[in-house]
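Treat the numbers as computed from the prediction; the structure is a model and nothing was measured. Just so it is clear: chains get the letters A, B, ... in the order the sequence lines come, proteins before strands, and each one is counted from 1.
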Amino acid sequence: MVTNEDVVRTLERIADLLEIRGENVYKVRAYRQAAVQVENLGESIADVAAGEGGLVSLAGFGPAIAEKVSDLLQSGRLAFLEELEAEVPPTLLALCALPGVGPRTAALLWREAGITRLEELDAAAHSGTLQGIPRLGAKSIERIVAALDSQRDRGAKTRRARADVQPIVDELTGVLRALPEAAMVEAAGSFRRRRESIGDLDIVVATATPSKVLVAFSALPQVERVLMCGDTKSSVEVASGFQVDCRAVSVAQFGAAMQYFTGSQAHNVRLRGRALRMGLTLNEYGVFRLDGGERIAGATEEDVYAALGLRWIPPEQREDRGEIEAAVIDDVALAGAAVQTVLPRI
DNA sequence: ATGACAGCGCATAACG
DNA sequence: CGTTATGCGC
DNA sequence: GTCAT
């Protein structure tokens, strides 16, 4: 019995391996998007495969992916994935899990130094074997060593339970709110969406003096390591390697930034698509007209959703499970049911 | 058939 | 040295 | 690789 979860894992694995192989980014994305669709599917994918229209009736499923998933459902195996794993060592995926090491770097380490495993990378980083590899300077090697150390410290635990993150949120937002430069401070990301499992924490701060806030944030006693600190954002690690990002934005951008960094990614992609069809564009700075670029929203989340013809959507619903359609402010409906069926809905 | 699919901030290495 | 290219992460 | 055109 192949579950939806099995299919999701398989599609994501294919995407990761294709990425290391250097495949077209949109092909990689297609597999990831198909995985998200299965994740959000309210029924068994086996039923969909057997039902009217088959797998290609799912959004993000074309002939190629439908065929592969069909193979998997029928036989419990996928020859395509097995061939891919024979070509690209799957142990490279563990390298990509290191912050700062992505698919390109994993491929580089594999190609230039024959490294496919974490232990090999660790040994090579300390023995000096990595020196001389193009694109890997002293700083990069140092960062890899630090990432390996950090991973060892926290025992490879990558995500935290919400209950463990709550006190970190309270503490950090409390300290930031005490800064006179910080006009508004809110946690965003999956924490704000009230997910049970949190990968990292995003804090958005509205301020007229971003650098002051970010420098103060990076210097907090809770911070064990500063990953980066620029003019608009800072990334740090607090207790045992938990990553916290701080974004400094203007008061006028605060709502757009909160919306953007609260996600989910799938929710944002769908909102962006809706914006485009309305002749608008949406990003972390606001909602803008495509022609002329005039800004029409951004100070509050309500403004942002309203500019897209939507009611404000509670963060915990922002998972691309139909919440956007449900939030449409349908003023056409006021004109009568007959009109609704004629006018294309945006 | 063919083009779009988001795009930007940051760090680092390579380049001139 | 300043500028540009690349990879990463979101 | 998928979707809209």
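A:N283 comes within contact range of no nucleotide atom at all, as no heavy-atom separation falls under 4.0 Å. At the heavy-atom level, A:L108 lies nowhere under 4.0 Å from the strands shown. Among the atoms of the strands shown, only primed sugar atoms or phosphate atoms (P, OP1, OP2) are found under 4.0 Å from some heavy atom of A:D200. Across all strands, A:Y260 comes closer than 4.0 Å to base atoms (heavy-atom distances).
A:R177 contributes a side-chain N or O that, together with a main-chain N or O of A:V185, makes up a donor-acceptor pair within less than 3.5 Å.
If you check B:dG9, D:dG1, C:dG7 against the side chain of A:K27, the one that comes closest is D:dG1. Taking the side chain of A:R104 as heavy atoms from C-beta on, and the options D:dT2, C:dC10, C:dC8, the nearest nucleotide is C:dC8. With C:dC8, C:dC10, D:dG1 as the candidates, the nucleotide lying closest to the side chain of A:Y31 is D:dG1. The side chain of A:N24 approaches D:dG1 more closely than any other nucleotide in the set C:dC8, B:dC10, D:dG1. Side-chain atoms of A:K68 lie closest to D:dG1 of the nucleotides D:dG1, B:dA6, D:dT2. Checking D:dG1, B:dG9, C:dC10 against the side-chain heavy atoms of A:T232 singles out B:dG9 as nearest. Nearest nucleotide to the A:R247 side chain, out of D:dT2, C:dC10, C:dG7: C:dC10. Closest to the side chain of A:Y26, out of D:dG1, C:dC8, C:dC10, is D:dG1. Comparing B:dG9, C:dG7, D:dG1 by their nearest atom to the side chain of A:K233 picks out B:dG9.
Contact check, A:R272 against B:dC5: no side-chain N or O comes under 4.0 Å of OP1 or OP2. For C:dG9, neither phosphate oxygen OP1 nor OP2 lies less than 4.0 angstrom from any side-chain nitrogen or oxygen of A:S235. Checking the phosphate oxygens (OP1, OP2) of B:dG9, a side-chain nitrogen or oxygen of A:Y285 falls inside 4.0 Å.
Atom CZ of A:F217 is separated from atom P of B:dC10 by 14 Å (rounded to the nearest Å). In this entry the distance linking CG of A:L81 with C1' of D:dG1 reads 17 Å, nearest Å. Between the CZ atom of A:F261 and the P atom of C:dG9 there is a distance of 16 Å, given to the nearest Å. Atom P of nucleotide B:dC5 and atom CG of A:L271 are separated by 17 Å, given to the nearest angstrom.
Between A:D303 and A:V287 the shortest side-chain heavy-atom distance does not fall below 4.5 Å. At a threshold of 4.5 Å between non-hydrogen side-chain atoms, the residues A:F217 and A:V244 count as touching. Looking at A:R160 and A:S197, their side chains never come closer than 4.5 Å, going by heavy atoms from C-beta outward.
Electrostatic pairing of A:R192 and A:E186 does not count as a salt bridge here, judged by no charged N lying under 4.0 Å from a carboxylate O. A salt bridge is defined here as a Lys NZ or Arg NE, NH1 or NH2 lying under 4.0 Å from an Asp or Glu carboxylate O, and A:R162 with A:D164 fails to meet this definition.
Summarising the geometry, atom CD1 belonging to A:I14 is positioned 13.5 Å from atom CD belonging to A:E19; distances are rounded to the nearest 0.5 Å.
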Checklist line | Test log, rule salt bridge (charged side-chain N to carboxylate O under 4.0 Å, His left out), inputs A:E23 and A:R21 | finding: CA-CA 6 Å; A:E23 276 286 357; A:R21 195 167 78 171; 2.9 Å; yes
Notebook entry, point to check: When you check every protein heavy atom under 4.0 Å of nucleotides 11-16 of chain B, what one-letter string (B, S, -) results, 5' to 3'?
Noted result: SSSS--
